[in-house]
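Notes follow the structure.
Keep in mind the model is a prediction, meaning the values are calculated, not measured. Both ligands and their constituent atoms are indexed starting at 1 by order of listing.
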Amino acid sequence: MSNAESRRLVRIFDTTLRDGEQAPGCSMNLREKIEVAKRLERLGVDVMEAGFPASSPGDLESVAAIARIVKDCAVAGLCRSLEKDIDAAREALKNAAGPRIHIFLATSPVHMEYKLKMTPEEVLEQAVSSVKYARKFCSDVEFSAEDAFRSDPGFVCRVFGAAIAAGASTVNFPDTVGYAMPQEFGERIRYVRDHTPGMENAVLSVHCHNDLGLAVANSLAAIAAGAAQAECTVNGIGERAGNASLEEIVMGLRVRRDLFDADTRIDTTQIYAASRLVTQVTGVKVQPNKAIVGENAFAHEAGVHQHGVMANRATYEIMTPESVGVSKNQMVLGKHSGRHAFEDRLKELGFTVDADALETLFGQFKDLADKKKVVSDRDIEALVMGISASAPETWKLDHWAVNTGSALGASGTIRLVGKNGETRKLVTLGDGPIDAIFLAINHIIGKTPELELYEIGAITGGSASQGETMVKIGLNGRHWNGHGVSTDVIESSIKAYLSAINAMEWELSPKKNEELIKGG
Ligand code: KIV
Ligand code: ZN
């Protein structure tokens with residue numbers, strides 16, 4: 001009979017900030033990356049890949065900032081198998097409590113011939129020399145054989161064996177293009193485990209992409225076959241169809257401990273908050289039926305299901321919503337609820353906030369409770385998300401009004417207060433009220449960012465629900481997200497637009513990084 005102590009521990013290597021962030025529409029600014037990094041640390045990931053330092057000065061800077069702040073898990077920087085990339089990673093990770101240099105080099109015929117223009121022997125030599133070079137500066141070196149699944153298995157074992165002999169402590173087997181089927185992927189991992197010289201001295205890792213929707217299934221098959229590290233991202237974001245989703249791998253192992261006899265260090269009650277944060281900072285929502293974190297993941301609609309769940313939750317629930325941090329608390333908060341009740345609910349929802357943030361949130365909660373009879377957990381989450389990754393307010397909303405109708409165009413009036421206390425007001429005409437107001441804001445701030453995404457939804461059901469708006473704006477090839485919540489959808493849109501504008505103003509201001517890193 002196994003117990004928690006004897007269970008094999010699978011390491012979770014999170015790459016939300018690297019493979020995830022590199023996906024179209026998922027880019028994050030420095031402030032957002034730091035917020036996500038802190039959440040991942042609280043979630044309990046073993047390694048977080050913070051970026052690809054040689055890819056741009058901005059990436060180097062964000063890996064360095066995260067390495068300075070995060071202390072409870074290893075921080076990895078990705079490198080091609082080149083000395084200049086390893087030097088950049090070494091520089092970025094110099095203040096990390098647990099630095100990891102992650103080197104990748106492709107081993108599949110198609111990549112070696114057309115991308116690298118190298119022979120297999122040259123690839124093997126370069127893998128060895130880059131691992132040796134990295135080991136001069138860092139004791140924790142991971143080597144990835146890019147496109148390993150489409151590579152010759154014997155060749156991958158030779159490269160892995162040589163990388164381990166050169167000092168790699170982790171060897172990673174990616175299904176870079178999401179081509180594998182679970183059974184064959186499991187068999188391949190078993191083969192690599194059994195045929196790689198020195199494998200007993202290193203951790204065998206997998207990294208699966210989701211092109212055929214099998215990234216999680218393949219990762220779990222690999223774990224069953226002996227992989228000891230899984231690379232994944234929150235909400236499964238990543239290149240093309242994404243990476244294996246962290247929450248699905250972790251809950252697969254947790255719910256089916258009986259089968260895998262393995263577990264992770266993840267605090268699963270932090271999963272939902274991490275998912276919401278990633279949604280908010282990327283502006284990329286998960287589909288409602290997404291496993292574990294989708295809006296409907298714990299909703300029981302059919303009468304027969306509801307009846308069963310009321311009699312015993314185990315009839316239709318294989319895990320509780322609470323176990324992943326989704327609160328199903330029946331205690332209602334409203335305008336008579338005090339600070340303690342509010343603080344307790346924040347804790348139950350997995351949020352720890354400092355005294356200043358609590359003060360702000362409690363004020364916002366009271367304002368909201370005046371407008372809405374019942375303040376739901378989703379309303380509270382939205383308030384927390386509104387302050388967690390938001391930039392300092394260069395522009396504050398003071399007042400707004402719109403005039404609109406079916407026959408006429410729309411006009412919008414807006415009054416903003418700048419950071420020096422100056423007030424600016426403008427009335428503009430537009431195709432609709434949102435267009436009019438956004439145009440007015442652009443005139444006031446003297447910039448015309450492009451509106452790349454505008455999405456509006458209701459936080460809870462019913463017409464009394466708060467509106468939640470997400471926007472993405474772009475200027476000169478850079479992008480910023482904004483998020484706004486209000487009982488009025490026009491106000492939630494203005495808040496979202498202004499939060500994106502403030503992120504842009506802050507990001508473009510010269511002093512921002514010193515402030516961020518100091519405040520880390
Ligand atoms: O998908 C992949 O092969 C990668 C490597 C860099 C690990 O992301
Ligand atoms: Zn990848």
**Request:** Describe, in one word, how the ring planes of H195 and Y191 are oriented to each other, choosing from parallel (under 30°), tilted (30 to 60°) and perpendicular (over 60°).
**Result:** parallel
**Message:** I'd like to know if D211 and R240 make a salt bridge, using a cut-off of under 4.0 Å between side-chain N and carboxylate O.
**Reply:** yes
**Item:** Basic-acidic side-chain contact under 4.0 Å: E468, R276
**Value:** yes
Looking at ligand 1, does any of its N/O atoms fall within less than 3.5 Å of an N/O of [X]?
| X | result |
| --- | --- |
| R18 | yes |
| S144 | no |
| H207 | yes |
| D19 | yes |

**Number of protein N, O or S atoms [distance to the Zn ion (ligand 2) under 2.8 Å]** = 3
**Message:** For the aromatic rings, using the six-membered ring if either is Trp, is the centroid distance between F13 and H102 under 6.0 Å?
**Reply:** yes
**Complete:** At under 4.0 Å between heavy atoms, what of H209 touches ligand 1? The answer is side chain
**Request:** Answer side chain, backbone, both or neither: which part of T176 comes under 4.0 Å from ligand 1, heavy atoms only.
**Result:** both
**Request:** Measure the shortest side-chain to side-chain distance between E32 and N481 over non-hydrogen atoms and say whether it is less than 4.5 angstrom.
**Result:** yes
**Message:** Under a 4.0 angstrom heavy-atom cut-off, which atoms of ligand 1 come close to E146?
**Reply:** 3 (O)
**Request:** Could I get the full list of side chain to side chain contact (heavy atoms under 4.5 Å, CB included) partners for Q22, not counting sequence neighbours?
**Result:** R18, D19, E239
**Request:** Quick one: list whatever passes ring pair (Phe, Tyr, Trp, His ring centres under 6.0 Å) with F149, sequence neighbours left out.
**Result:** F185
**ring pair (Phe, Tyr, Trp, His ring centres under 6.0 Å) partners for F260, two or more places apart** = none
**Prompt:** E231 and side chain to side chain donor-acceptor pair (under 3.5 Å): which partner among N243, T15, N172?
**Reply:** N172
